[in-house]
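In each ligand, atom 1 is the first atom listed, and ligand 1 is the first ligand listed. Note that the structure is a prediction, hence the values are computed from the model and not measured.
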Amino acid sequence: MKQRIALLGSTGSIGQQTLDIVRAYSESFEITTLTANRNWEALAAQAREFEPDSVVLADKTHYPDLKAALADLPVKVYAGEEALCQVVKGGNVDTVVNALVGYAGLAPTVASLEAGRKLALANKESLVVAGELVMGLATRHKAPILPVDSEHSAIFQCLVGEVSPIRKILLTASGGPFRQTPKEALEKVTVKQALSHPNWEMGAKITIDSATLLNKGFEVIEARWLFGVRPEQIEVVVHPQSIIHSMVEFDDGAIKAQLGTPDMHLPIQYALTFPQRWNSTQEPFSFARCTGFTFEQPDRERFPALQLAFDALARGGNSCCTLNAANEKAVAAFLDRQIGFTEIPRIIETTLAKATFIAKPTLEDYQASDAEAREISQRLIRKS
Ligand code: NDP
């Protein structure tokens with residue numbers, strides 16, 4: 001029987017790469033749902049190729065255009081955020097691939113776990129915002145979470161077959177486009193420069209998060225929840241070549257690493273085929289052509305966002321939700337040329353200081369915290 005996949009965020013970077021894999025293994029995978037936010041034309045083209053049972057546009061504006069474009073196909077066309085949660089609960093889904101970006105991914109993650117679906121999770125923000133709640137749901141509903149983020153997939157792969165606890169996670173980071181940029185020059189970097197990641201082609205938001213190093217901070221939070229380790233057991237190691245995707249150290253001092261060419265197809269495919277490994281057409285890594293691996297400490301002074309993430313994780317409660325919301329607003333404002341690059345961590349820090357702290361948040365509290373943090377950061381953006 002084919003594995004039936006609901007792919008949320010199919011028009012994005014991870015979504016399109018997931019479809020490459022489905023295309024290559026069409027005898028094993030079947031797409032039952034595809035979704036986008038606004039990009040209805042790309043979604044319509046994907047629906048023609050993959051013939052899903054349903055499609056969803058999260059933003060309702062172009063619903064009539066999408067409906068008209070697919071009028072000749074037997075596909076159900078929905079719009080709105082609630083529809084994203086409905087389609088993952090449908091009886092025709094084995095696996096949900098959550099490739100949405102941002103806080104918008106949380107509600108479908110929750111719906112997917114409550115329905116007991118296998119969840120291939122790229123949307124790291126679900127775990128950043130509400131990691132404890134999300135992992136609790138996965139346990140309660142016996143719903144496996146397969147990491148798609150390359151670092152977490154690497155850690156997951158290092159743990160296969162192990163029964164002993166983790167001593168330490170060594171989370172590798174490329175260092176981003178400004179690894180060697182002096183502190184004073186960071187004030188003036190442009191959107192174009194920040195969008196030029198040295199090793200990975202990704203969506204705009206995660207590319208900016210990689211440039212501020214907040215992405216690495218998010219991954220620390222993600223690892224804390226996915227693998228049940230304490231924050232002090234996670235060390236960030238800058239490895240500019242991005243060949244070692246992360247490492248795990250055990251109590252006997254052994255360190256296991258997962259290596260390969262930087263290409264998201266591998267972790268996406270592994271999340272879909274686990275515990276098996278299937279062939280891949282991606283170029284294998286060549287040690288013969290490799291000029292060497294180097295390692296550095298992250299510079300937390302030049303990249304304060306990384307420390308903000310560690311601090312929010314240590315504070316707990318709704319702090320990481322506030323951190324995420326402030327970052328989403330600040331990154332959008334930077335991409336819109338309203339603020340400079342170094343304003344991003346400043347806005348996050350001030351928002352964290354001003355927002356209401358809730359020690360034991362519920363899902364409703366997270367919604368309220370997200371809204372409050374967005375309001376505070378919007379005011380700060382207007383003032384800057
Ligand atoms: P993209 O921006 O490329 O794609 C995001 C997808 O989500 C698009 O389909 C987009 O639709 C849709 N979307 C955007 N906003 C909303 C919303 N508010 N409601 C519903 N749908 C929405 O992102 P990426 O593929 O780069 O990243 C997806 C997730 O994977 C992120 O959490 C990211 O951190 C994580 N990730 C990504 C990696 C990568 O290599 N790209 C690597 C590791 C993790 P539309 O096209 O209409 O805008």
Side-chain angles (χ1 to χ4, degrees), residues 6-20 33-47 55-63 65-66 78-85 87-88 96-109 111 119-129 134 146-154 171-174 176 195 197 199-212 214-219 221-223 226 242 245-246 262-268 270-271 324-325 327-329 331-332 335 370 374:
L7 173 54
L8 312 183
S10 58
T11 50
S13 162
I14 295 288
Q16 291 178 52
Q17 293 177 86
T18 305
L19 290 177
D20 291 342
T33 294
L34 294 169
T35 84
N37 189 30
R38 296 199 186 105
N39 195 349
W40 66 274
E41 282 155 314
L43 184 61
Q46 290 178 344
V55 292
V56 182
L57 257 193
D59 181 324
K60 295 179 179 171
T61 317
H62 290 288
Y63 171 74
D65 300 312
L66 182 64
Y78 302 115
E81 287 162 24
E82 319 76 54
L84 285 174
C85 296
V87 288
V88 303
V96 174
V97 177
N98 186 344
L100 300 174
V101 63
Y103 181 87
L106 175 61
T109 286
L119 177 64
L121 187 60
N123 178 256
K124 63 185 79 186
E125 293 88 349
S126 296
L127 286 168
V128 169
V129 171
V134 165
L146 282 308
V148 168
D149 216 349
S150 60
E151 293 78 1
H152 304 78
S153 175
L171 199 66
T172 52
S174 70
L195 284 174
H197 194 278
N199 304 336
W200 297 96
E201 288 251 346
M202 307 180 287
K205 192 247 176 193
I206 184 178
T207 307
I208 302 303
D209 291 346
S210 301
T212 60
L214 186 57
N215 181 52
K216 212 43 61 179
F218 282 166
E219 289 177 5
I221 300 166
E222 196 183 356
L226 273 178
S242 296
H245 298 312
S246 276
D263 186 332
M264 286 306 295
H265 287 92
L266 189 150
I268 298 169
Y270 191 65
N324 176 71
N327 181 58
E328 285 191 34
K329 288 302 280 185
V331 168
L335 286 169
D370 178 75
R374 280 169 199 270

Query raised in the report: Any chance the side chains of Asn199 and Ser242 put a donor and an acceptor closer than 3.5 Å?
Result: yes
**Report entry** Contacts of Lys124 that satisfy salt bridge (Lys or Arg N to Asp or Glu O under 4.0 Å) - sequence neighbours left out
**Finding:** Asp149, Glu219
Report summary line: Applying side chain to side chain contact (heavy atoms under 4.5 Å, CB included) to Ala204 and not counting sequence neighbours gives Leu195, Leu335
Report each N/O pair between ligand 1 and the protein that falls under 3.5 Å, naming both atoms.
from	atom 1	to	atom 2	distance (Å)
ligand 1	3 (O)	Ser13	N	2.9
ligand 1	9 (O)	Gly9	O	3.3
ligand 1	9 (O)	Thr11	N	3.4
ligand 1	9 (O)	Thr11	OG1	2.7
ligand 1	9 (O)	Gly12	N	3.2
ligand 1	11 (O)	Thr11	OG1	3.4
ligand 1	11 (O)	Asn37	N	3.0
ligand 1	25 (O)	Ser13	N	3.2
ligand 1	25 (O)	Ile14	N	2.9
ligand 1	26 (O)	Gly203	N	2.9
ligand 1	30 (O)	Ala122	O	3.3
ligand 1	32 (O)	Leu100	O	3.4
ligand 1	32 (O)	Glu125	OE1	2.7
ligand 1	41 (N)	Ser13	OG	3.1
ligand 1	46 (O)	Thr11	OG1	2.6
ligand 1	47 (O)	Asn37	N	2.9
ligand 1	47 (O)	Arg38	N	2.7
ligand 1	47 (O)	Asn39	N	2.8

Report task. Please state whether the rings of His62 and Trp40 are parallel, tilted or perpendicular, taking 30° and 60° as the class boundaries. Result -> parallel
Query raised in the report: Of all residues at least two apart in sequence or in a different chain, which pass the side chain to side chain donor-acceptor pair (under 3.5 Å) check with Asp263?
Result: His265
Query raised in the report: Side-chain donor-acceptor pair under 3.5 Å between Glu328 and Asn324, yes or no?
Result: yes
